[in-house]
Amino acid sequence: RESFAAMFTAYYTDREPEHIRVVERTSDGCVVGYLLGCYDTRRAGSLASVAFKHMLLRGLLLRRGMAAFYNRAFLDMIRDRRVPRTRVDLDRWPAHMHLEVLPEARGGWGARLFFAFLEDLVRQGVPGIHGGVVVENEQLAEFATRIGFTKLGDPHPMPGVRDRDGRRLHGQALVMDLKGWRHGRGR
């Protein structure tokens, strides 16, 4: 769990902590939602290189569950080598973020975190933001569209990622231009 969390959060906590927003449950201070933001993805490095580093340094291939995931992901990458992947123009859409909200905090907190981050991006002159969703998570995909993201390219199979029944899951690249964006009015 620690290596998985570190793989997806260490860059933000170590290099851009000023772009982190957290929602806490008032009764006990437990974190029930967060947004990890990055103004320029080029500074963050590739997720593949971070995953490879964790795989080596933490011996993930020696752990049964993680080894199974990495082996499946590797085989998927070989199978999918001819599947086109959408390339994001990082000059146009440099920013990205990760947003997670537990069910008890849904119903507005995710949008609040997201729009506060967008306001910061606009103030800093960042031209756009990109992201992605799991296509099969229809609720999240619909939320992303509702708050202003548009699809870029076609969905693609995600290496190693399966649903509970073992079916492949697919990612969809999303983008949003921020030039002229105003909270509450969109563009």
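In what follows, every heavy atom counts, from backbone to side chain, and hydrogens, waters and symmetry copies are set aside. We count residues from 1, following the sequence as given.
Using a 4.0 Å cut-off between charged side-chain N and carboxylate O, R43 and D40 make no salt bridge. Taking a cutoff of 4.0 Å between a charged side-chain nitrogen and a carboxylate oxygen, D177 and K179 do not qualify as a salt bridge.
For E18, the CD atom is densely surrounded, since the number of other residues' heavy atoms within 6.0 Å is greater than 12. More than 12 heavy atoms of other residues, nucleotides or ligands shown are found within 6.0 angstrom of CZ on R42.
Aromatic rings from Y34 and Y12 are positioned such that their centres are separated by 6.0 Å or more.
Applying the ring pair (Phe, Tyr, Trp, His ring centres under 6.0 Å) definition to pairs two or more places apart or across chains, none involves residues 150-175.
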Stepwise side-chain contact (heavy atoms from CB on, under 4.5 Å) check, M176 with L118: CA-CA 10 Å; M176 181 188 297; L118 283 189; 3.7 Å; yes
Intermediate values then yes/no, side-chain contact (heavy atoms from CB on, under 4.5 Å), R21 and D120: CA-CA 12 Å; R21 289 185 165 69; D120 289 347; 2.4 Å; yes
Determine, step by step, whether F117 and L99 satisfy the side-chain contact (heavy atoms from CB on, under 4.5 Å) criterion, reporting the C-alpha distance in whole Å, the side-chain angles of both residues, the deciding distance to 0.1 Å, and the verdict. CA-CA 11 Å; F117 182 61; L99 176 65; over 6 Å; no
Start with the C-alpha distance between L169 and V135, add both sets of side-chain angles, then the distance that settles side-chain contact (heavy atoms from CB on, under 4.5 Å), and finish with yes or no. CA-CA 7 Å; L169 297 179; V135 173; over 6 Å; no
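If you chain together hydrophobic residues whose side chains sit under 4.5 Å apart, V161 and M77 never meet in one group. When hydrophobic clusters are built by joining Ile, Leu, Val, Met, Phe, Trp and Tyr residues whose side-chain heavy atoms come closer than 4.5 Å, directly or via intermediates, V101 is grouped together with I147. The cluster map of Ile, Leu, Val, Met, Phe, Trp and Tyr, joined by side-chain heavy atoms under 4.5 Å apart, puts F74 and M158 in different clusters.
With rounding to the nearest 0.5 angstrom, the CG atom of L174 is 8.5 Å from the CG atom of L140. The line from CD of E119 to CZ of F114 is 11.0 Å long, rounded to the nearest 0.5 Å. In this structure, CG on D163 lies 7.5 Å from CD on E136, to the nearest 0.5 angstrom. Between the CG atom of D80 and the CZ atom of R168 there is a distance of 4.0 Å, given to the nearest 0.5 Å. The structure places NE2 of H96 at 8.5 Å from CD1 of I129, a figure rounded to the nearest 0.5 Å. Residue T145 holds its OG1 atom at 6.0 Å from NZ of K151, rounded to the nearest 0.5 Å.
Residue L90 comes nearest to P94 through the heavy atom pair O-CB, 3.1 Å, listed as atom of the first residue, atom of the second, then distance. The two residues V31 and L102 make their nearest non-hydrogen contact at O-CD1, 4.1 Å. Between T41 and A95, the closest heavy-atom pair is OG1-C, 4.1 Å. Considering every non-hydrogen atom in both A105 and V32, the closest pair reads CB-CG2, 3.6 Å. Scanning both residues, F143 and G110, for their nearest heavy atoms gives CZ-C, 4.2 Å. The two residues G153 and T86 make their nearest non-hydrogen contact at CA-OG1, 3.4 Å.
Remark: R79 engages D76 in a salt bridge (charged side-chain N to carboxylate O under 4.0 Å, His left out) (not counting sequence neighbours).
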